[in-house]
Amino acid sequence: MNHNILGEGTRYYPEYWGSEAQNAFLETLQEGLQQAPFFVPRMPRTNQPWSIRMSNLGPLGWVSDKSGYRYQPTHPETSAPWPQIPQMLIDLWRDVSGCPADPECCLVNYYDKPKAKMGLHQDRDEQAFEAPVVSLSLGDSAVFRMGGPKRRGPTQSMKLHNGDVFVFGGAARLHYHGLDRILYGSSQALAAYPAFAEGGRLNLTLRRVSPIA
DNA sequence: TAGTGACT
DNA sequence: TTGA
């Protein structure tokens, strides 16, 4: 029996965006990040820093620090509101999410170092599990791992590449997932942008946070 | 630049 | 414990 990572509730759109769309978006993202600079998230309680850098766009941003995980309307270091979610991402959400309500958060994870990764976890801080999580990959390819509803249990890995969109909703909405590692230097897509001069991988995840009326 | 992948 |  060959249980497939692309099971019920997940959808994979290889190279959803070509280079023209990517470049238009990266330009906009770079501007947004001037108002919401990357910060280093930390583990609750231990305060241990993560290997990635993070920012957000939209009315709500997801943050993790010593006091826990939460969504909040402002940047944790500057206290400024997060920049707007670019229209290109709203359009992407409307195209692939199947959700009648627009996203409220775009979490921007920047895997900027060769060793950057993220352990297996659930996205469960939202109040609208009927809306999917929509993930866009830009830059270096990465080894993504998808599991099931419990932390222990079978997992499967797949590569995500520059421009790919991965959607997990339905039965997969609360499934464990993580990022084993990036294939550092595998893409030049970020090279022209000073904000992403280190290269690496950007992952943008669109989420609905509050209940859908 | 493999692929693996559960336990504390 | 979205880490080690």
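Labels below follow one simple rule: chain letters A, B, ... track the order of the sequence lines, proteins then strands, and each chain is numbered from 1.
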### Query
Checking all strands, does A:N109 fall into the base, sugar-phosphate, or nothing category for heavy-atom contacts under 4.0 angstrom?
nothing
### Message
So for atom CD, which belongs to A:E20, do other residues, nucleotides or ligands contribute more than 12 heavy atoms lying within a distance under 6.0 Å?
### Response
no
### Query
Please give, in whole Å, the distance from C:dT2 P to A:D125 CG?
9 Å
### Task
May I ask you to say what A:S186 touches in the nucleic acid, namely base, sugar-phosphate or nothing, with a heavy-atom cut-off under 4.0 Å?
base
## Note on the structure
The nucleotide from C:dT2, C:dT1, C:dA4 with an atom nearest the side chain of A:M118 is C:dT2
### Query
Quick one: on DNA chain B, does A:V143 or A:G153 contact a more 5' nucleotide (nearest heavy atom)?
A:V143
## Note on the structure
Whole-Å distance, A:K66 NZ to C:dG3 P, equals 18 Å
### Task
Starting from P on C:dA4, measure out to CE on A:M43 and report it in whole angstrom.
8 Å
### Query
Looking for any heavy atom pair under 4.0 Å, which part of the strands does A:D140 touch: base, sugar-phosphate only, or nothing?
nothing
### Which nucleotide in B:dT1, C:dT2, C:dT1 has an atom nearest any side-chain atom of A:L183
B:dT1
### Consecutive Watson-Crick or G-U pairs in runs of at least 3, all under 3.5 Å, in which DNA chain C is involved
none
### Message
Could you list the cluster mates of A:L120? Members are the ILVMFWY residues connected by side-chain heavy atoms closer than 4.5 Å, either directly or through other members.
### Response
A:Y176
#### Entry: Atom pair distance, as rounded to whole Å: CZ in A:R42 and P in C:dA4
12 Å
### Task
Name the closest nucleotide to the A:H121 side chain, picking from B:dT4, C:dA4, C:dT2.
C:dT2
### Task
Round to a whole Å and report the spacing from NZ of A:K113 to C1' of B:dT1.
18 Å
### Query
Separation of A:K150 atom NZ from B:dC7 atom C1', in whole Å?
16 Å
Sequence neighbours excluded and cut-off under 3.5 Å, please list the side-chain donor-acceptor pairs for residues 28-44 of chain A, or say none.
from	atom 1	to	atom 2	distance (Å)
A:T28	OG1	A:A24	O	3.1
A:Q30	OE1	A:A195	N	3.0
A:R42	NH1	A:N47	O	2.7

## Note on the structure
Sorted by chain and number, sequence neighbours left out, salt bridge (charged side-chain N to carboxylate O under 4.0 Å, His left out) with A:D91 holds for none
### Summary
In whole angstroms, the gap separating C1' of B:dA6 from OH of A:Y176 amounts to 13 Å
### Message
Please tell me if A:Q122 has a side-chain N or O lying less than 4.0 Å from either OP1 or OP2 of C:dT2.
### Response
no
### Query
Apart from A:L183 itself, what residues make up its hydrophobic cluster, given side-chain heavy atom links below 4.5 Å?
A:V143
#### Entry: side-chain N/O A:S157 vs B:dT4 OP1/OP2, d < 4.0 Å
yes
### Query
Do side-chain atoms of A:S55 reach the backbone of A:V108 as a donor and acceptor pair under 3.5 angstrom?
no
#### Entry: cation_pi(A:R201, A:Y111) dist<6.0 Å, angle<=45
yes
### Task
Using the test side-chain hydrogen bond (donor to acceptor under 3.5 Å, both in side chains), find all partners of A:T78 that sit at least two apart in sequence or belong to another chain.
none
### Message
Nearest to the A:R152 side chain among C:dT1, B:dT1, B:dT8, which nucleotide is it?
### Response
B:dT8
### Message
For a quick check of understanding: with a heavy-atom distance under 4.0 Å over all strands, which category does A:L120 fall into, base, sugar-phosphate or nothing?
### Response
sugar-phosphate
### Message
So, does A:K117 get its side chain near the phosphate of C:dA4, meaning an N or O under 4.0 Å from OP1 or OP2?
### Response
yes
#### Entry: Proximal nucleotide (of C:dT1, B:dT4, C:dT2) relative to the A:T46 side chain
C:dT1
#### Entry: Value in whole Å for how far the C1' atom of C:dT2 lies from CG of A:N56
14 Å
### Message
Would A:Y69 count as stacking on C:dT1 if stacking means ring centres less than 5.5 angstrom apart and planes tilted under 30 degrees?
### Response
no
